[in-house]
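Lettering follows sequence order; numbering is per chain, from 1.
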Amino acid sequence: MNVRDLLNTKAEAALEAAGCPPGTAAIVGPATRPEFGDYQANGALGAAKRMKANPRELAQRTVDAMALDDIATCAVTGPGFISLTLADTFLGEVLAQDTGIERTGAGQRIVIDYSHPNLAKEMHVGHLRSTIIGDALARTLEALGYEVVRQNHVGDWGTGFGMLVAHLGDVERAGDPGREELKDLERFYQEARRRFAEDESFAERARDVVVRLQQGDDEMGAIWQRYIDISMSHCQEVYDLLGVSLTPRDVRGESAYNDDLDTVVEELSEAGLLTEDAGALCVFLDEFRGRDGKITPVIVRKSDGGYLYHSTDLAAVRYRVRELAADRVLYVVDARQALHFRQLFAVCKEAGYDGSASLEHHPFGVMQGPGGRPFATRDGNVMRLTDLLTEAIDRAREVVAEKSPHLGADEQARVARVVGIGAVKYADLSKNRTSDYVFDWQAMLSFDGNTAPYLQYAYARIQSLFRRGGVDAESLTGMPTIDTPEEHMLALTLARRQETLEQVAAQAMPHFLCAWLYDLASAFMRFYENCPVLEEGPTHNSRLLLCRSTADGIRTGLGLLGIETVERM
RNA sequence: GCGCCCGUAGCUCAGUUGGAUAGAGCGUUGGCCUCCGGAGCCAAAGGCCACAGGUUCGAAUCCUGUCGGGCGUGCCA
């Protein structure tokens, strides 16, 4: 149940009954301080101003008109706020009737464009954020009932692949089936580039390969395909290690749109959008005119006839709207491409490619290494994602070995993987910033504060409680009785799950879910300190129910972020 | 030059169509285990929300300007 929506609806009805114009916003949100209750409605203040009425009097009339039944109590506080406090019996019922996440998104289709590594090279730390933020959104939206179509728009086309395919062809002719050389994509890429720079005849062949590829040459296409398959399998290994839900079925790379590019140009031309400038086909839109009077154009086709990322992205929008019937298309892409997307969406609008779909760029800042410096290895190269994840697991293993010597070697290894990977993902997902974010091993693995290990620990602790008490959590029945302040706060937090998830979906911001999980774990820890659970007596079953709801909330919540839990750690 | 984003506690970050006394965590200091896992809990200290104006009953939030930082900017993606 979306409690916030429920209260908001009731508050808006009451505002209208109190004399406000229909549609007056109640603005119900969590209370800013505990002494103001659980939720507060701020709408009466603004409404009173517009009506030139006394805010406290209007708020009081609203309170009098509130049809809350036994859901909550409310009162006017301060200059005209309405404080709402949920009834303990209501909270108990909400938890007892909770049958899981409500599928409020049923019937809507959302395309999410994320990860999109460049297959010319190995995945590096720069691909991490898009991959895990996109994946968390995909999982969360799916849980809410949306039909999610994952689109991994991999970079598998363009001039760079000429030299790679030419080089692979040479390597294969020399006897190596290619697999050996391609084990290290980074080295293979450097080698191809070295030849391209030093050997003019090779460079010429590489350029010829690009042309032949675009013309649909079978032989070159076969070599290209072998290269892509191997590179893609590297990516899949990273996805599997990272615990990301992407599969080969979600791949629809730049090459997939090759045959649509001429059509896009034709359609834009028919729409009267194209201008030839210095041999290139451009779209000049007035909204991209700066104070200096110049317009930053969108180049759809280069003067040599080649295509650019704008062209491919236009074709992709066209496909996603027409073929995939998307209601929303979410681009989880680096903030540095903000201008590109503003232009892309503007052109799509002009060309009618967006239909009735909402095209949204959800940007994020670059990940910086410790100390706020660019994330690089000692020799100055970009760090491979595999190396980063391996280090995370290694670091977690050290901590686990120290803190959990009671676990066997296999279990320690499993816990280290779950904790290490979870720490990396959560550290990223818990931040809202569109600006850059600083990667800090110590903070994410410190096992204190708003981190994945803290949440995983809270979960494991509840499982331990069940084991110690000989409780089969699944068999528990009944309704929890909420009594103490700690129980109230815990139950309230649990009841806020649905509204939190809907907020994540609406704004494409997973950090709201992280904040909720941290609130939940914190509320549980306080409850745990103050309310004996296993003590026999009238509170026994009720508190076990709260424990179960908390454990479920943490496990499924982390699951929506793509993070696992363990029963012991 | 033009454009976009950002500036909140020593550090990393929250702050929900503008709302009450700006909140967490880390770090610091001090408490709490004969008690369900101390990877925990409680408390204290720490802020002219970059600066200056403006709008408003009310501004970290909206507008203008200044300073500082990051990024982008017609044929890479």
Under 3.5 Å on both distances, the Watson-Crick or G-U partner of [N]:
{"N": "B/G53", "result": "B/C63"}
{"N": "B/A44", "result": "B/U28"}
{"N": "B/G1", "result": "B/U73"}
{"N": "B/G68", "result": "B/C6"}
{"N": "B/G18", "result": "none"}

Among [options], the nucleotide that comes nearest once only the side chain of [X] is considered:
{"X": "A/R526", "options": "B/C41, B/G37, B/U17", "answer": "B/C41"}
{"X": "A/E35", "options": "B/G37, B/U21, B/A77", "answer": "B/U21"}
{"X": "A/S83", "options": "B/G15, B/A20, B/U16", "answer": "B/A20"}
{"X": "A/L465", "options": "B/C76, B/A20, B/G37", "answer": "B/G37"}
{"X": "A/R461", "options": "B/G38, B/G72, B/U17", "answer": "B/G38"}
{"X": "A/V438", "options": "B/A14, B/C76, B/C13", "answer": "B/C13"}
{"X": "A/A460", "options": "B/C42, B/C75, B/G37", "answer": "B/G37"}
{"X": "A/T77", "options": "B/A20, B/U73, B/U12", "answer": "B/A20"}
{"X": "A/A278", "options": "B/C75, B/G37, B/G3", "answer": "B/C75"}
{"X": "A/H511", "options": "B/G3, B/A39, B/A14", "answer": "B/A14"}

Does A/F81 stack onto the base of B/A20, taking stacking as ring centres under 5.5 Å apart and planes under 30° apart?
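Yes; by the centre-distance and plane-angle rule, A/F81 counts as stacking on B/A20.
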With a centroid cutoff of 5.5 Å and a plane-angle limit of 30°, would you call A/F36 stacked on B/A20?
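A stacking contact exists, since A/F36 sits close and nearly parallel to the base ring of B/A20.
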Whether [X] contacts [N] is assessed here as follows: a side-chain N or O lying under 4.0 Å from the phosphate OP1 or OP2. Is that the case?
{"X": "A/R468", "N": "B/G37", "answer": "yes"}
{"X": "A/R291", "N": "B/G3", "answer": "yes"}
{"X": "A/R33", "N": "B/G23", "answer": "yes"}
{"X": "A/K49", "N": "B/G19", "answer": "no"}
{"X": "A/Y307", "N": "B/C76", "answer": "no"}
{"X": "A/N42", "N": "B/G18", "answer": "no"}

Identify the residue among A/E254, A/R252, A/M232, A/H116 that makes a side chain to side chain contact (heavy atoms under 4.5 Å, CB included) with A/V154.
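Among A/E254, A/R252, A/M232, A/H116, the one that satisfies the side chain to side chain contact (heavy atoms under 4.5 Å, CB included) with A/V154 is A/M232.
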Between A/F466 and A/L544, is any pair of side-chain heavy atoms under 4.5 Å apart?
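They are in side-chain contact.
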Is the shortest side-chain heavy-atom distance between A/L137 and A/V504 below 4.5 Å?
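Answer yes - side chains close enough.
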Name the orientation of the base relative to the sugar in B/C33: syn if the glycosidic angle is within 90° of 0, else anti.
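Chi for B/C33 falls in the syn range.
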Atom-pair distance (OH on A/Y437; C1' on B/G69), nearest Å:
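Atom OH in A/Y437 sits about 20 Å away from atom C1' in B/G69.
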Pairwise C1' distance, B/U12 and B/G53 [rounded to whole Å]:
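Between the two C1' atoms, the distance is 32 Å.
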Taking A/D113 as the fixed residue, which of A/H361, A/H362, A/H153, A/R320 is the one that meets the side-chain hydrogen bond (donor to acceptor under 3.5 Å, both in side chains) rule?
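Result for side-chain hydrogen bond (donor to acceptor under 3.5 Å, both in side chains) with A/D113: A/R320.
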Could one point to a donor on the side chain of A/Q40 or the base of B/A20 with an acceptor on the other under 3.5 Å away?
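Pair found.
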Less than 4.0 angstrom from a charged side-chain N to a carboxylate O is my criterion; do A/R417 and A/E564 meet it?
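A/E564 and A/R417: salt-bridged.
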Look only at the side chain of A/R543 and the backbone of A/P532, and say whether a donor-acceptor pair between them is shorter than 3.5 Å.
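Checking the backbone N and O of A/P532 against the side chain of A/R543, a donor-acceptor pair under 3.5 Å is found.
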